[in-house]
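Working notes, beginning with the structure itself.
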Amino acid sequence: MAPSATAGQNAPMASTRDWFETVAEAQHRAKKRLPRSVYLALVAGTEKGLTSADNEAAFDELGFRPHVADLPDKRELATTVMGQDISFPVLVSPTGVQAVHPDGEVAVARAAAAEDTAMGLSSFASKPVEEVAAANSKLFFQMYWTGDRERILARAERARAAGAKGLIVTLDWSFASRRDWGSPPIPQKIDVRTALAFAPEVLRRPRWLATYLRSGGIPELSVPNMALPGEPSPGFFDAYGEWMGTALPRWEDVAWLREQWGGPFMVKGISRPDDARRAVDAGASAISVSTHGGNNLDGTPGAIRSLPAVVDAVGHEVEVLLDGGIRRGSDVVKAMALGAKAVMIGRAYLWGMAANGERGVQNVLSILKSGMNEALLGLGKSSVHDLTRDDVLVPPGFTRDWS
Ligand SMILES: Cc1cc2nc3c(=O)[nH]c(=O)nc-3n(C[C@H](O)[C@H](O)[C@H](O)COP(=O)(O)O)c2cc1C
């Protein structure tokens, strides 16, 4: 195991032009830098945004129970997830359709590799799995249930050949498309007409435009990982159309894919203990308790509220991760105290990338690492593996379990 965390110790104490000290600061910079449509697409959250807001707010309801003396000199953060040793228990969650930075998921992969952690790559990502795997060997490929079994397997095999070490199957998507604050338009393709339509908001964000122009052009909306070997990259809407036209997956389909894949296999998007049980029975080796960042069924409680019951149901059999609302190292510590093996982050690293490219993603990972280190110190814990429910104060009704 790697020694205890030191990342962040050489970082400036306060924010500078090239360094931000919190994820909130990264989001603030992202908002100033991104065209409005792109920023809104990342904020997202379906309908009223209840789940999206609760993903974050629920963490604030959890309190700590700190010690003040006999504190450990060193804190151990390293762990293993889906067979990969990582320096701290924060992974990059798959996100598609980013248009945040021209280096896209390759930059994210490099930043994750620099902080020695693993990454989930979306099948709706903007960069091919081969390029991303070359930048970070600790890669898991994420798929939705799109196309017939032959096509699904061919995409998984392509990822395996590229070096993906595990598969993530995301099940929590019910095609909800309404947002009370208005969905940002996603153009069918970028041509002169759409460029002109988006020109006013893009021209107000010259640094974002300049970064793209320097790298050869405005963002393409193709999704190369949805192509089978030998096929051209489809556009986002073609791939989304194929997904919408696919029969919805059954647990027996999940079991079939798990069997074909053979290696580490995560089911992402679980809220309920009975679904967690079914995922484990289908052969999953990991699950992520997740609400898709509040982008699925609005009104689902924040992911952290669902975690304890899922851990109780299957935590002794498989790795249980959590994603949704992680903005601080102390959030990671709270999730681990409630039984998560590790967490995944979505918007936090997207804000980092928007603010400062690859270095911004590394900045975010480093903030979380040092924040974890501080929280462990306050709790008097020398290792993330020693965290227990006793380390946090959980208010009555927190888990929304009224059964
Ligand atoms: C812009 C955006 C795109 C996303 N795309 C995907 C995706 O392609 N596949 C997937 O499994 N999850 C996707 N997610 C969900 C994330 O993997 C993750 O579950 C979520 O962002 C976690 O919540 P957080 O953003 O509060 O950290 C996406 C989330 C966002 C914000």
Side-chain angles (χ1 to χ4, degrees), residues 45-46 50-52 54-56 58-59 81-82 89-96 118 120 122-123 140-146 166-176 248-259 261 264-326 331-332 334-346 389 398-403:
T46 39
L50 293 171
T51 302
S52 169
D54 196 42
N55 269 341
E56 285 189 52
F59 279 99
V81 172
M82 302 229 287
V90 176
L91 293 83
V92 166
S93 207
T95 59
S122 171
S123 48
F140 308 131
F141 185 65
Q142 178 269 328
M143 303 181 80
Y144 295 109
W145 204 261
T146 309
L167 208 59
I168 300 175
V169 175
T170 301
L171 294 183
D172 60 342
W173 193 255
S174 39
F175 300 95
L248 298 167
R250 305 179 65 82
W251 286 112
E252 66 201 44
D253 294 314
V254 177
W256 166 82
L257 182 57
R258 195 264 171 280
E259 187 69 30
W261 174 256
F265 188 96
M266 176 193 287
V267 174
K268 177 172 178 284
I270 297 287
S271 286
R272 302 170 49 132
D274 53 354
D275 272 1
R277 178 76 263 148
R278 289 181 187 106
V280 173
D281 290 347
S285 51
I287 58 177
S288 193
V289 175
S290 168
T291 65
H292 216 111
N295 288 317
N296 193 39
L297 186 61
D298 200 30
T300 308
I304 186 76
R305 298 190 195 279
S306 306
L307 178 68
V310 171
V311 168
D312 288 346
V314 299
H316 53 292
E317 292 171 70
V318 294
E319 295 175 341
V320 178
L321 282 77
L322 168 129
D323 69 82
I326 300 284
D331 294 339
V332 185
K334 287 174 181 174
M336 294 187 77
L338 292 187
K341 174 106 198 254
V343 304
M344 302 201 288
I345 55 167
R389 288 188 190 173
F398 178 78
T399 60
R400 302 283 191 265
D401 180 4
W402 294 317
S403 56

Worksheet item: For Ala279 and Ile270, which heavy atoms make the closest approach, and how far apart are they?
Response: CB-CD1, 4.3 Å

Worksheet item: Got a sec, which residues hit salt bridge (charged side-chain N to carboxylate O under 4.0 Å, His left out) with Arg278, two or more places apart in sequence or on another chain?
Response: Asp274, Asp275

Worksheet item: Are any side-chain N or O atoms of Ser285 and backbone N or O atoms of Met266, one a donor and one an acceptor, separated by less than 3.5 Å?
Response: no

Discussion item. Just so I know, are the side chains of Met82 and Phe140 near enough to count as touching, which here means a heavy-atom distance under 4.5 Å?
Written reply: yes

Worksheet, complete the sentence: Smallest heavy-atom separation, Ala276 atom then Ile287 atom, equals CB-CD1, 3.7 Å

Worksheet item: Quick one: CD on Glu56 to OG1 on Thr51, what's the gap to the nearest 0.5 Å?
Response: 12.5 Å

Discussion item. Quick one: does any side-chain atom of Arg305 pair with a main-chain N or O of Arg400 as donor and acceptor, under 3.5 Å?
Written reply: no

Worksheet entry | Smallest separation among heavy atoms of Val343 and Ala335, with atom names | CG1-CB, 3.8 Å

Practice prompt. Just say parallel, tilted or perpendicular for the rings of Trp256 and Trp145, cut-offs at 30° and 60°.
Written response: perpendicular

Worksheet item: Do side-chain atoms of Lys334 reach the backbone of Phe59 as a donor and acceptor pair under 3.5 angstrom?
Response: yes

Fill in: Distance (rounded to the nearest 0.5 Å) between Leu171 CG and Asp253 CG
10.0 Å

Worksheet entry | Considering all heavy atoms, the nearest Asp54-Gly302 contact | OD2-N, 2.8 Å

Worksheet entry | Minimum heavy-atom distance between Thr399 and Pro308, given as atom pair plus value | CG2-CG, 4.0 Å

Discussion item. Within the structure provided, determine whether Val90 and Ile326 are in side-chain contact (heavy-atom separation under 4.5 Å).
Written reply: no

Worksheet item: With Asp331, which residues qualify under salt bridge (charged side-chain N to carboxylate O under 4.0 Å, His left out), at least two apart?
Response: none

Practice prompt. List for me each residue that meets salt bridge (charged side-chain N to carboxylate O under 4.0 Å, His left out) alongside Glu317, sequence neighbours excluded, and say none if there are none.
Written response: Arg277

Practice prompt. For residues Phe265 and Val169, report the shortest heavy-atom separation together with the two atoms involved.
Written response: CZ-CG2, 3.6 Å

Worksheet item: Okay, side chain of Ser123, backbone of Gln142: is any donor-acceptor separation there less than 3.5 Å?
Response: yes

Worksheet item: Distance from Phe175 atom CZ to Asn296 atom CG, nearest 0.5 Å?
Response: 9.5 Å

Worksheet item: Between the side chain of Asn55 and the main-chain N/O of Gly325, is any donor-acceptor distance below 3.5 Å?
Response: no

Worksheet item: Between Ser290 and Met344, is any pair of side-chain heavy atoms under 4.5 Å apart?
Response: no

Worksheet item: Listed by chain and number, what are the side-chain contact (heavy atoms from CB on, under 4.5 Å) partners of Asp312, not counting sequence neighbours?
Response: Arg389

Item to complete: Look up atom NZ in Lys268 and atom CH2 in Trp173, then write down how far apart they are to the nearest 0.5 Å.
Response: 9.5 Å

Worksheet entry | Backbone N/O of Gly45 and side chain of Asn295: donor-acceptor pair under 3.5 Å | yes

Worksheet item: Sub-3.5 Å donor-acceptor pair from the side chain of Ser306 to the main-chain atoms of Arg272, do we have one?
Response: no

Discussion item. Is any side-chain heavy atom of Asp172 closer than 4.5 Å to one of Thr300?
Written reply: no

Item to complete: Using the side chain to side chain contact (heavy atoms under 4.5 Å, CB included) rule, take Leu338 and Ile304 through it: C-alpha gap first, then chi angles, then the decisive distance, then the call.
Response: CA-CA 8 Å; Leu338 292 187; Ile304 186 76; 4.0 Å; yes

Worksheet item: Roughly how far, to the nearest 0.5 Å, is the CG atom of Leu307 from the OG atom of Ser271?
Response: 11.0 Å

Worksheet item: In Å, rounded to the nearest 0.5 Å, how long is the span from CG of Asp323 to OG1 of Thr291?
Response: 7.0 Å

Worksheet entry | Sequence-distant partners of Asp298, salt bridge (charged side-chain N to carboxylate O under 4.0 Å, His left out), two or more places apart | none

Worksheet entry | Sequence-distant partners of Ser93, side chain to side chain donor-acceptor pair (under 3.5 Å), two or more places apart | none

